[in-house]
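In what follows, a single structure is set out as structure tokens and then discussed.
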Amino acid sequence: MVSTHNKDKPWDTGEIDKWHQDEFKEEDNASGLPFAEESSFMTLFPKYREAYLKSIWNDVTKALNKYHVACVLDLVEGSMTVKTTRKTCDPAIILKARDLIKLLARSVPFPQAVKILEDNTACDVIKIGNTVANKERFQKRRQRLVGPNGNTLKALELLTKCYILVQGNTVAAMGNYKGLKEVRRVVEDTMKNIHPIYHIKELMIKRELAKRPELANEDWSRFLPNFKKRNVARKKPMKIRKEKKVYTPFPPAQTPRKVDLEIESGEYFLNKREKEAKKLEERREKQAEKQEERQKERRKDFLPPKEEDYKKSK
């Protein structure tokens with residue numbers, strides 16, 4: 001059979017935005033009947049988010065009621081649930097509601113998280129916890145992604161047009177699909193020990209090239225920087241040479257046991273009461289020494305300062 005996938009498509013022009021999604025309206029549901037089955041999603045949230053979620057849950061309910069989606073906050077189990085109702089007409093809104101509760105659980109503030117219900121906004125929760133085994137190295141690389149005073153994160157947000165939040169073992173991102181793809185690439189490479197500044201430079205050059213229409217159909221690889229990995233020689237710690245011991249055929253002297261030391265001091269022959277009396281006496285001697293040291297320290301404040309001998313001027 002002759003292949004037909006290479007045929008010309010006159011309707012497929014460059015002006016068409018393939019990522020654009022038309023808004024779903026109630027008229028688009030031709031049958032007008034409720035869904036055959038109820039769809040629901042549940043997500044757990046950490047204990048420290050409980051107070052915040054409790055305070056904003058009325059706003060979450062109002063936002064989801066516009067799309068006829070029900071939501072439940074369970075403080076006992078520590079979970080959030082969203083489910084369709086008989087009035088729900090948009091089949092994809094339940095997936096948007098699922099993303100909303102997922103973002104709220106990952107510490108994204110509600111005014112930002114509610115934007116996920118819009119058609120042209122998507123989200124991506126990138127897991128970075130299992131990328132690096134060493135805890136200190138993981139924290140350094142995560143901090144490298146944030147940058148000093150959050151400058152690196154702000155630069156990434158401006159270039160990708162996405163909202164990014166680094167929290168614990170995840171990175172939550174919100175924005176358009178193209179930007180989310182770039183954010184995931186930067187985050188994963190940062191955790192692989194590739195500094196985000198290289199990606200920021202590349203994104204800045206791409207943004208400038210996109211403004212020039214004559215380069216729309218050309219290869220941009222000649223303009224993009226090509227960073228080569230360099231293995232920098234690091235100083236190795238100096239090895240301390242151990243002095244060679246003089247060889248002797250005789251074994252070292254045997255260390256005395258605790259019983260031997262007690263026999264030498266005479267403590268071994270004392271009875272239980274005498275041993276306790278001796279320990280008490282030693283303790284009192286130490287206390288007396290410490291008390292004397294403290295008194296000396298206190299007396300220092302009352303000692304008169306040394307004065308120079310007065311010499312009468314002639």
Side-chain angles (χ1 to χ4, degrees), residues 19 43-49 98-109 112-113 115-116 121-212 215 218-240:
W19 291 106
T43 186
L44 301 174
F45 59 85
K47 185 74 176 175
Y48 61 85
R49 292 291 289 167
R98 175 202 63 186
D99 292 340
L100 172 63
I101 59 173
K102 195 194 294 182
L103 290 169
L104 289 172
R106 293 315 307 151
S107 299
V108 177
Q112 179 64 39
K115 292 177 185 177
I116 197 66
T121 308
C123 76
D124 190 8
V125 178
I126 307 156
K127 293 180 181 179
I128 57 172
N130 299 328
T131 51
V132 185
N134 191 336
K135 191 177 179 181
E136 288 182 10
R137 196 175 294 164
F138 166 74
Q139 288 173 350
K140 281 181 181 178
R141 290 182 189 178
R142 186 180 60 183
Q143 185 57 36
R144 193 183 292 168
L145 187 64
V146 177
N149 301 322
N151 290 335
T152 307
L153 209 62
K154 285 174 190 172
L156 282 171
E157 285 181 346
L158 290 169
L159 291 166
T160 58
K161 296 177 183 177
C162 292
Y163 170 82
I164 307 167
L165 178 74
V166 181
Q167 173 70 19
N169 292 333
T170 57
V171 178
M174 282 179 65
N176 53 19
Y177 294 100
K178 190 179 178 182
L180 290 175
K181 195 176 178 183
E182 291 291 342
V183 170
R184 178 171 275 276
R185 186 166 69 95
V186 174
V187 170
E188 287 179 351
D189 283 353
T190 303
M191 300 313 290
K192 290 175 185 173
N193 203 22
I194 299 170
H195 205 282
I197 193 67
Y198 300 133
H199 291 290
I200 288 169
K201 284 182 180 179
E202 190 179 316
L203 289 168
M204 286 172 73
I205 293 165
K206 281 182 179 178
R207 189 173 67 169
E208 292 300 318
L209 291 170
K211 293 176 184 176
R212 297 167 66 178
L215 297 172
E218 290 187 26
D219 185 17
W220 291 356
S221 59
R222 57 197 170 99
F223 300 108
L224 300 174
N226 186 19
F227 299 105
K228 292 181 180 179
K229 190 175 180 181
R230 296 177 182 176
N231 292 325
V232 182
R234 296 180 182 178
K235 289 183 179 179
K236 292 181 180 179
M238 293 287 288
K239 289 183 179 179
I240 301 166

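Contact annotation: the side chain of Val183 approaches that of Ile164 to within less than 4.5 Å [non-hydrogen atoms, C-beta and beyond]. A 4.5 Å side-chain heavy-atom check between Ile200 and Leu156 finds at least one atom pair inside the cut-off.
A salt bridge between Lys192 and Glu188 is absent, with no side-chain N of the basic residue lying under 4.0 Å from a carboxylate O of the acidic one. By the 4.0 Å N-to-carboxylate-O rule, Lys206 lies close enough to Glu202 to be salt-bridged with it. Salt bridge status for Glu157 with Lys154: absent, with no side-chain N to carboxylate O gap under 4.0 Å.
Cys123 SG to Arg98 CZ: the interatomic distance, rounded to the nearest 0.5 Å, is 7.5 Å. Distance check: Ile194 CD1 to Arg185 CZ gives 9.5 Å after rounding to the nearest 0.5 Å. Atom CG of residue Leu203 and atom CZ of residue Arg207 lie 9.5 Å apart, to the nearest 0.5 angstrom. Atom OG1 of Thr121 sits about 9.5 Å away from atom CG of Leu180, to the nearest 0.5 Å. For the atom pair Ile126 CD1 and Arg184 CZ, the distance stands at 5.0 Å (nearest 0.5 Å). Rounded to the nearest 0.5 angstrom, Thr131 OG1 and Lys127 NZ are separated by 12.5 Å.
Remark: of the listed residues Val125, Val186, Ile128, Asp124, Ile128 is the sole one forming a side chain to side chain contact (heavy atoms under 4.5 Å, CB included) with Val171.
The environment of CG in Asn134 is crowded: more than 12 heavy-atom neighbours from other residues, nucleotides or ligands sit within 6.0 Å. Around the CZ atom of Arg137, the shell of radius 6.0 Å holds no more than 12 heavy atoms that belong to other residues, nucleotides or ligands. Counting non-hydrogen atoms of neighbouring residues, nucleotides and ligands closer than 6.0 angstrom, the CG atom of Asn151 exceeds 12 such neighbours.
Under the 3.5 Å distance criterion, the side-chain polar atoms of Arg106 are matched with a main-chain donor or acceptor of Gln167. The closest donor-acceptor contact from the side chain of Arg49 to the backbone of Ala105 lies at 3.5 Å or more, if one exists at all. Distance alone, capped at 3.5 Å, is enough to place a donor-acceptor pair between the Arg142 side chain and the Gly168 backbone.
Of all heavy-atom pairs spanning Asn176 and Thr160, the tightest one is OD1-O, 3.9 Å. Here the closest non-hydrogen pair linking Gly129 and Phe138 is CA-CE1, 4.2 Å. Between Met191 and Val132 the shortest heavy-atom distance is O-CG2, 3.6 Å. The two atoms that bring Thr152 and Gly147 nearest to each other are OG1-CA, 3.3 Å, heavy atoms only. Shortest non-hydrogen contact noted between Cys162 and Gly175 is SG-CA, 3.9 Å. Across all non-hydrogen atoms, the minimal contact from Ala113 to Leu103 is CB-CB, 4.1 Å.
With sequence neighbours excluded, the residues satisfying side chain to side chain donor-acceptor pair (under 3.5 Å) with Asn193 are Arg144.
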#### Entry: Test log, rule side chain to side chain contact (heavy atoms under 4.5 Å, CB included), inputs Val108 and Tyr163
CA-CA 10 Å; Val108 177; Tyr163 170 82; 3.9 Å; yes
### Query
Hey, mind stepping through Lys181 and Lys178 against side chain to side chain contact (heavy atoms under 4.5 Å, CB included) and telling me if it holds?
CA-CA 5 Å; Lys181 195 176 178 183; Lys178 190 179 178 182; 5.9 Å; no
